[in-house]
Amino acid sequence: MAAAPTIPVPLTNFITVNNHRYFANHPTIQLIDHCSNADHLKQIHAQMLRAGLFFDPFSASKLIHSSVFTEFSSLHYAHKVFDQIPHPNLYSWNVLIRAYASSPQPINCISMFIRLLHEGREKPNKFTYPFVIKASAKLADLQLGKGIHGMVIKEGFSSDLFVSNCLIHLYAECRCLDMSARVFSSMPQRDVVSWNSMINGLAQNDCVDEALEFFRRMEREGVNPNDVTMVGVLSACGKKLDLKFGRWLHSYIEKNGITLSLILGIMDAITVQQA
DNA sequence: ATCACACGGG
């Protein structure tokens with residue numbers, strides 16, 4: 001197999017992202033954003049190989065991003081591109097880890113994460129963990145989740161709002177609601193997603209009264225519920241067959257101007273019907 | 001330059 005030619009590129013202009021300086025002025029790299037089909041993307045890929053641009057981690061990450069996020073490309077292709085990058089930066093790792101987390105094979109997200117731990121020049125950051133936790137949640141793998149949680153604590157991300165919200169959801173998916181509650185109560189600050197994750201987790205695990213209790217607590221603490229909150233609360237209410245409370249929720253939704261998305265409308269109708 | 005939460009019955 002012939003080695004890719006590595007013609008040095010005159011890299012004179014920089015852009016600054018996250019306090020790092022990158023070369024991003026190469027005409028081939030600028031083409032990436034205007035690429036309109038898979039063949040075009042492959043041509044850019046070929047030009048990058050000829051120009052040695054894969055040795056610039058920022059340029060390589062641009063191609064990875066395009067390979068993953070354009071609808072004419074596939075995750076398989078993106079992974080092959082990734083494997084050709086000599087020194088992928090953390091952004092490139094995260095792009096692939098993220099794509100696998102929302103793919104039908106979340107286990108590949110975990111494999112990439114383990115590769116990152118072994119091969120990466122940078123440690124996982126606050127963006128990496130939410131993707132990996134999401135994959136563990138989809139796998140409903142409690143052992144794996146606990147392991148990742150341990151790393152989160154060790155690496156100092158346990159007070160990150162996004163990471164904690166993911167952990168609440170993860171433990172709920174593993175039917176481990178006492179752990180969800182433990183994460184929730186340890187948070188230095190919470191937002192509506194933290195409450196939603198608790199309420200929906202409880203409702204899905206048939207802990208109806210607890211879900212409604214969290215909703216009341218949320219109200220007391222002055223956090224404004226949104227449409228996702230109401231899906232969980234209505235679901236709990238439907239399981240409880242409580243018509244009176246269902247009707248109260250109905251007027252509550254209208255009174256508080258909560259967006260009546262299609263799902264919420266259907267949920268609402270079902271709750272009233274069931275009771 | 002990236003991150004989190006949702007529905008029930010056909």
Side-chain angles (χ1 to χ4, degrees), chain A residues 15-22 24 29 32-33 57-66 68-69 78 88-102 109 112-113 116 122 124-138 148 152 157 160-173 180 183-184 187 189-205 211 214-215 218 223-239 246 249 253 258-275:
Chain A
I15 62 159
T16 304
V17 180
N18 297 345
N19 294 324
H20 295 283
R21 295 169 91 200
Y22 292 106
I29 300 308
I32 292 178
D33 294 330
F58 184 85
S59 301
S61 75
K62 292 279 285 181
L63 186 67
I64 280 290
H65 183 96
S66 267
V68 164
F69 290 108
N89 61 11
L90 187 55
Y91 181 84
S92 292
W93 283 100
N94 284 348
V95 165
L96 207 57
I97 285 172
R98 172 193 186 179
Y100 274 128
S102 34
C109 167
M112 285 307 294
F113 178 67
L116 166 63
E122 298 163 81
N125 63 5
K126 64 170 181 172
F127 296 106
T128 319
Y129 283 101
F131 303 138
V132 181
I133 296 167
K134 183 180 177 177
S136 314
K138 280 173 79 171
I148 309 244
V152 163
F157 294 110
D160 184 279
L161 183 62
F162 280 73
V163 171
S164 300
N165 287 347
C166 287
L167 286 170
I168 293 172
H169 175 71
L170 161 75
Y171 284 119
E173 288 295 304
S180 293
V183 172
F184 182 89
M187 291 170 75
Q189 76 254 342
R190 307 180 187 105
D191 67 357
V192 67
V193 177
S194 323
W195 289 94
N196 289 353
S197 301
M198 277 310 301
I199 291 170
N200 282 295
L202 288 163
Q204 278 168 24
N205 284 282
F214 263 89
F215 175 62
M218 178 182 188
V223 182
N224 286 328
N226 63 12
D227 50 345
V228 178
T229 319
M230 298 321 291
V231 170
V233 177
L234 280 163
S235 157
C237 178
K239 285 176 180 175
L249 284 171
I253 288 166
I258 291 168
T259 319
L260 212 65
S261 66
L262 178 63
I263 286 168
L264 187 50
I266 293 169
M267 283 291 302
D268 202 8
I270 287 165
T271 309
V272 173
Q273 242 174 41
Q274 276 182 355

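Numbers restart at 1 for each chain; the letters A, B, ... are given by sequence-line order, proteins then strands. All values below come from the heavy atoms of this structure, side chains included, with hydrogens, waters and symmetry mates left out.
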Value rounded to 0.5 Å, distance of OG in A/Ser92 from CG in A/Leu116: 11.0 Å
Could you work out which one of [options] sits closest to the side chain of [X]?
{"X": "A/Val228", "options": "B/dA6, B/dA1, B/dG8", "result": "B/dA6"}
{"X": "A/Asn200", "options": "B/dA1, B/dA4, B/dA6", "result": "B/dA6"}
{"X": "A/Phe131", "options": "B/dA4, B/dG8, B/dC3", "result": "B/dC3"}
{"X": "A/Val193", "options": "B/dT2, B/dC3, B/dC5", "result": "B/dC5"}
{"X": "A/Asn125", "options": "B/dA4, B/dC7, B/dT2", "result": "B/dT2"}

Near-parallel close stack of A/Phe127 and B/dC3 base (under 5.5 Å, under 30°):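 It does not: the two rings, one from A/Phe127 and one from B/dC3, miss the stacking criterion.
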A/Gln204 vs B/dC5: side-chain N/O to OP1/OP2 distance below 4.0 Å: no
A/Ser261 side chain near B/dA6 phosphate (N/O to OP1/OP2, under 4.0 Å): no
Value in whole Å for how far the [atom2] atom of [N] lies from [atom1] of [X]:
{"X": "A/Tyr171", "N": "B/dA4", "atom1": "OH", "atom2": "P", "value": "19 Å"}
{"X": "A/Ile199", "N": "B/dC5", "atom1": "CD1", "atom2": "C1'", "value": "10 Å"}
{"X": "A/Lys138", "N": "B/dA4", "atom1": "NZ", "atom2": "P", "value": "11 Å"}
{"X": "A/His65", "N": "B/dC3", "atom1": "NE2", "atom2": "C1'", "value": "14 Å"}
{"X": "A/Trp93", "N": "B/dT2", "atom1": "CH2", "atom2": "P", "value": "21 Å"}
{"X": "A/Met187", "N": "B/dA4", "atom1": "CE", "atom2": "P", "value": "15 Å"}
{"X": "A/Leu116", "N": "B/dC3", "atom1": "CG", "atom2": "C1'", "value": "15 Å"}
{"X": "A/Ile253", "N": "B/dC7", "atom1": "CD1", "atom2": "C1'", "value": "12 Å"}

Contact class for [X] vs. all strands (heavy atom < 4.0 Å): base, sugar-phosphate, or nothing?
{"X": "A/Ser194", "value": "nothing"}
{"X": "A/Asp191", "value": "base"}
{"X": "A/Lys62", "value": "nothing"}
{"X": "A/Asp160", "value": "nothing"}
{"X": "A/Asn94", "value": "base"}

Centroid-centroid distance, A/Phe214 to A/Phe184, less than 6.0 Å: yes
Donor-acceptor side-chain pairing of A/Asn165 and A/Asp160 below 3.5 angstrom: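 Per modelled atom types, A/Asn165 and A/Asp160 side chains form no pair under 3.5 Å.
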Distance-only side-chain donor-acceptor flag, A/Thr259 / A/Asp227, under 3.5 Å: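 No pair is found: no donor N or O on one side chain lies under 3.5 Å from an acceptor on the other.
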Aromatic ring pairing A/Tyr91/A/His65, orientation class (parallel under 30°, perpendicular over 60°, tilted between): parallel
Under 3.5 Å: donor-acceptor pair, side chain of A/Ser66, backbone of A/Leu63: no
